[in-house]
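Okay, so here's the structure we're looking at.
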Amino acid sequence: QVQLVESGGGLVQAGGSLRLSCAASGRTDIIYKMAWFRQAPGKEREFGASITWSTASTYYADSMKGRFIISRDNTKNTVTLQMNSLKPEDTVVYYCAAGRLTTAGVQYPYWGQGTQVTVSS
């Protein structure tokens with residue numbers, strides 16, 4: 001079992017920055033990669049960025065490419081999302097997820113509670 005706890009969300013003015021964190025505990029040895037998803041009210045949850053746990057190789061969806069940076073800390077139990085030049089359309093709930101590599105591909109059975117980001121115009 002893996003437990004994920006997000007933090008760092010809040011209110012920020014357009015053009016500002018926020019740094020989200022996701023702390024993993026439990027059986028972190030089974031994690032292949034970690035990712036950030038986001039979801040606006042009434043919309044589907046969409047993938048944003050991922051980082052491979054062992055190599056720190058990253059992948060970004062177009063929605064996060066350029067302004068956002070995903071990374072892991074030195075303890076290898078926390079993933080962060082540095083968000084710069086924030087826009088009102090970034091006002092959504094951000095979710096951390098831990099992925100496992102299976103014969104069916106990467107699956108995300110472990111999720112955090114989500115953290116709200118609000119960007120004022």
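Computed from heavy atoms alone, side chains included, the values below leave out hydrogens, waters and symmetry copies.
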As an exercise, state the distance from [atom1] of [X] to [atom2] of [Y], rounded to the nearest 0.5 Å.
X	Y	atom1	atom2	result
Arg67	Leu86	CZ	CG	6.5 Å
Ser25	Gln3	OG	CD	4.0 Å
Ile69	Leu81	CD1	CG	9.0 Å
Lys65	Thr58	NZ	OG1	10.0 Å

For Glu46 and Ser63, what are the C-alpha separation, side-chain angles and deciding distance, and is it a side chain to side chain contact (heavy atoms under 4.5 Å, CB included)?
CA-CA 10 Å; Glu46 63 178 17; Ser63 62; 4.2 Å; yes
I'd like to know if Phe47 and Val79 are part of one continuous hydrophobic network [Ile/Leu/Val/Met/Phe/Trp/Tyr, side-chain heavy atoms within less than 4.5 Å].
no
Same cluster (ILVMFWY, side-chain, under 4.5 Å), Val93 and Met83
no
Closest heavy-atom contact between [X] and [Y]?
X	Y	answer
Tyr60	Ile70	OH-N, 2.8 Å
Ala98	Val2	CB-CG1, 4.4 Å
Leu4	Ala24	CD2-CB, 3.6 Å
Val117	Gly9	CG2-CA, 4.2 Å
Ala14	Ser121	CB-CA, 4.4 Å
Cys22	Met34	SG-CE, 3.8 Å

Only one of Ile51, Leu20, Thr80 passes side chain to side chain contact (heavy atoms under 4.5 Å, CB included) with Trp36; say which it is.
Leu20
In sequence, state the C-alpha distance, the side-chain angles, and the governing distance for Glu6 and Gln113, and then conclude on side chain to side chain contact (heavy atoms under 4.5 Å, CB included).
CA-CA 7 Å; Glu6 303 107 329; Gln113 293 293 313; 4.2 Å; yes
Does Arg27 have any side-chain contact (heavy atoms from CB on, under 4.5 Å) partners at least two apart in sequence or in another chain, and if so, which?
Asp29, Ile30
Under the 6.0 Å and 45° cation-pi test, does Arg38 pair with Tyr95?
no
Could you tell me if Thr78 and Ser21 have a donor-acceptor pair between their side chains, going purely by distance under 3.5 Å?
no
Side chains of Asn77 and Thr28: do they bring a donor and an acceptor to under 3.5 Å?
no
Ring centroid separation for Phe37 and Trp111, is it under 6.0 angstrom?
yes
Check whether [X] reaches the backbone of [Y] with its side chain - one donor and one acceptor, N or O, closer than 3.5 Å.
X	Y	result
Thr115	Ser7	no
Thr118	Leu11	no
Thr52	Thr55	no
Gln107	Arg100	no
Gln82	Phe68	no

Mind running side chain to side chain contact (heavy atoms under 4.5 Å, CB included) on Lys33 and Val106 for me, showing each step along the way?
CA-CA 9 Å; Lys33 65 178 183 178; Val106 178; 3.6 Å; yes
Can you check whether Lys43 reaches Val92 side chain to side chain, under 4.5 Å on heavy atoms?
no
Sidechain N-carboxylate O distance under 4.0 Å for Lys87, Asp90
no
Is it the case that atom OH in Tyr59 sees more than 12 heavy atoms from other parts of the structure closer than 6.0 Å?
no
What's the verdict on side chain to side chain contact (heavy atoms under 4.5 Å, CB included) for Tyr108 and Ser50, showing C-alpha distance, side-chain angles and the deciding distance?
CA-CA 11 Å; Tyr108 290 95; Ser50 68; 4.2 Å; yes
